[in-house]
A.B. asks: 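Got a structure here, written out as structure tokens. Questions coming.
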Amino acid sequence: MESFPQRLQWSAAYEDWERRYYETGAVDWTRYPTVRLDATPASPGVVLAESSMLFVSSAGGYLPGTQAAFDASNVLGDYSIRRIPLATSQSAYAYAHEHYVHDARIADAQVLLPIAHLLDLQDAGAIGEVAGEVVSYMGYQPDVRRIIDETIPAIVAVAQELRVQVAFLVPS
């Protein structure tokens, strides 16, 4: 199944939205072309207890000093990813994302990065293993074409490299 069958139609509407932004400097979300899919792509299920899981976060986490921050203030989004070793202390993370309230994350890092919970599930045998890296990206990405053409392939490449069978996304 085509992942985005109305791509051409959506692209024209998005380009109009983007043009208006460049002309006015204002973001008009009332004109943003929302994607509507008639069907949801699916794949065969996996047995989690026998699978390797990649943890993916859209919270905009990165490691300051060794990784560039996401371009959080870019109205048109940042479509890059960061790879972070799973064993990294959550206190080492910084967050570059201006499109969600950070209060819950500040109160409990496990809200957006439930790594300790996933490792508990691994120890209990509910997950075969949690992959040794976390993939992080900034979830604010208004250009669906770039998500499909850039962000998703980058995440899939990491998943293939790490030989995982399942990805677990916690959106921010």
Side-chain angles (χ1 to χ4, degrees), residues 1-43 53-85 88 90 92-109 111-115 131 133-162 164 166-172:
M1 171 179 20
E2 164 76 40
S3 63
F4 192 15
Q6 69 273 40
R7 183 178 179 130
L8 291 177
Q9 178 185 3
W10 184 89
S11 293
Y14 177 81
E15 288 165 6
D16 182 56
W17 178 84
E18 188 177 56
R19 181 183 50 75
R20 289 175 191 271
Y21 163 70
Y22 283 125
E23 288 173 354
T24 67
V27 175
D28 183 356
W29 289 111
T30 64
R31 293 181 175 269
Y32 179 78
T34 305
V35 174
R36 303 277 185 226
L37 298 177
D38 295 329
T40 303
S43 61
M53 174 186 287
L54 175 64
F55 177 64
V56 181
S57 169
S58 67
Y62 68 99
L63 299 178
T66 60
Q67 297 176 331
F70 292 95
D71 188 0
S73 61
N74 185 341
V75 172
L76 300 178
D78 182 332
Y79 299 84
S80 61
I81 67 167
R82 306 291 180 273
R83 296 173 69 161
I84 301 172
T88 301
Q90 293 203 6
Y93 279 73
Y95 294 86
H97 201 316
E98 299 175 358
H99 302 278
Y100 68 88
V101 177
H102 290 256
D103 296 350
R105 178 196 55 78
I106 292 167
D108 180 2
V111 169
L112 291 180
L113 291 174
I115 295 167
E133 294 185 37
V134 172
V135 171
S136 178
Y137 69 98
M138 188 182 76
Y140 173 79
Q141 300 179 331
D143 189 340
V144 177
R145 300 166 302 184
R146 291 190 66 191
I147 295 168
I148 292 169
D149 297 341
E150 298 172 36
T151 307
I152 292 172
I155 295 169
V156 168
V158 173
Q160 290 172 334
E161 177 186 326
L162 298 176
V164 300
V166 65
F168 178 61
L169 169 64
V170 174
S172 55

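Model, not experiment: these values are computed from the prediction.
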A.B. asks: Using atom types as modelled and distance alone, determine if a side-chain donor or acceptor of Thr151 lies under 3.5 Å from a backbone N or O of Tyr79.
C.D. replies: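 Yes, because the side chain of Thr151 sits within donor-acceptor range (under 3.5 Å) of the backbone of Tyr79.
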A.B. asks: Before you tell me yes or no, could you show the steps for Glu18 and Leu76 under side-chain contact (heavy atoms from CB on, under 4.5 Å), namely the whole-Å CA-CA distance, both residues' side-chain angles and the distance that decides it to 0.1 Å?
C.D. replies: CA-CA 8 Å; Glu18 188 177 56; Leu76 300 178; 3.5 Å; yes
A.B. asks: Between Arg7 (side chain) and Val144 (backbone), is there a donor-acceptor pair under 3.5 Å?
C.D. replies: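 Not at all, since once roles are kept as given, no pair shorter than 3.5 Å links the two residues.
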A.B. asks: Verify, without hydrogens or angle tests, whether Tyr137 (side chain) and Ile155 (backbone) share a donor-acceptor contact under 3.5 angstrom.
C.D. replies: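 Absent.
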A.B. asks: Once you measure the plane-to-plane angle for Trp17 and Trp29, does it fall in the parallel (<30°), tilted (30-60°) or perpendicular (>60°) bin?
C.D. replies: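 Rings of Trp17 and Trp29: tilted, 30 to 60°.
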A.B. asks: For Ala72 and Ala96, work out which heavy atoms get closest and say how close.
C.D. replies: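 Scanning both residues, the minimum pair turns out to be CB-C, 3.6 Å.
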A.B. asks: Just verifying a value: how many Å separate Asp108 CG and Leu113 CG, rounded to the nearest 0.5 Å?
C.D. replies: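 Here the rounded value is 10.0 Å.
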A.B. asks: For a quick test of reading the model, state the closest non-hydrogen atom pair linking Ser136 to Ile84 and the distance between them.
C.D. replies: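 So the minimum-distance heavy-atom pair works out to CB-CD1, 4.2 Å.
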A.B. asks: Is any side-chain heavy atom of Tyr140 closer than 4.5 Å to one of Ser172?
C.D. replies: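 A side-chain contact is absent here, since even the closest heavy-atom pair is not under 4.5 Å.
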A.B. asks: Rounded to the nearest 0.5 Å, what separates atom OH in Tyr14 from atom OH in Tyr32?
C.D. replies: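 If we round to the nearest 0.5 Å, Tyr14:OH and Tyr32:OH are 6.5 Å apart.
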A.B. asks: Would the number of heavy atoms belonging to other residues, nucleotides or ligands and lying under 6.0 Å from CD of Glu23 be above 12?
C.D. replies: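 For Glu23, atom CD is crowded (more than 12 foreign heavy atoms under 6.0 Å).
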A.B. asks: Starting at NE2 of His97, measure out to CG of Asp78 and round the result to the nearest 0.5 Å.
C.D. replies: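 So the gap between those two atoms works out to 10.0 Å.
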A.B. asks: Which heavy atom in Asp149 sits nearest to a heavy atom in Pro153, and how many Å separate them?
C.D. replies: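 Looks like O-CG, 3.4 Å.
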A.B. asks: What residues form a salt bridge (Lys or Arg N to Asp or Glu O under 4.0 Å) with Asp16, not counting sequence neighbours?
C.D. replies: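 Scan of Asp16 (salt bridge (Lys or Arg N to Asp or Glu O under 4.0 Å), adjacent residues dropped) gives Arg19, Arg20.
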A.B. asks: Among Gln141, Arg145, Arg146, whose side-chain hydrogen bond (donor to acceptor under 3.5 Å, both in side chains) with Asp143 holds?
C.D. replies: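 Checked Gln141, Arg145, Arg146 against Asp143; only one passes side-chain hydrogen bond (donor to acceptor under 3.5 Å, both in side chains): Arg145.
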A.B. asks: Indicate yes or no: at least one non-hydrogen side-chain atom of Asp71 is less than 4.5 angstrom from one of Ser80.
C.D. replies: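 They are not in side-chain contact.
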A.B. asks: Is the shortest heavy-atom distance from the side chain of Ile147 to the side chain of Phe4 under 4.5 Å?
C.D. replies: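 Result no, sub-4.5 Å side-chain heavy-atom pair not found.
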A.B. asks: Is a side-chain donor or acceptor of Ser58 paired with a backbone partner of Gly139 at a separation under 3.5 angstrom?
C.D. replies: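 Here the side-chain-to-backbone pair does not exist.
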A.B. asks: With no hydrogens and no angle check, is any side-chain donor or acceptor of Gln67 less than 3.5 Å from a backbone partner on Arg82?
C.D. replies: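 Not at all, since once roles are kept as given, no pair shorter than 3.5 Å links the two residues.
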A.B. asks: Kindly compute the distance separating CD1 (Ile115) from OH (Tyr93), expressed to the nearest 0.5 Å.
C.D. replies: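 Going from the CD1 atom of Ile115 to the OH atom of Tyr93 covers 4.0 Å.
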A.B. asks: Would you mind reporting whether Gln6 and Val35 have side-chain heavy atoms less than 4.5 Å apart?
C.D. replies: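 In short, these two side chains touch, coming nearer than 4.5 Å.
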A.B. asks: Measure the CZ-CG distance between Arg83 and Leu54 for me, rounded to the nearest 0.5 Å.
C.D. replies: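 So the gap between those two atoms works out to 9.0 Å.
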A.B. asks: Would you check if there is a donor-acceptor pair between the side chains of Arg36 and Thr34 at a distance under 3.5 Å?
C.D. replies: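 Judged by distance alone, the side chains do not pair up.
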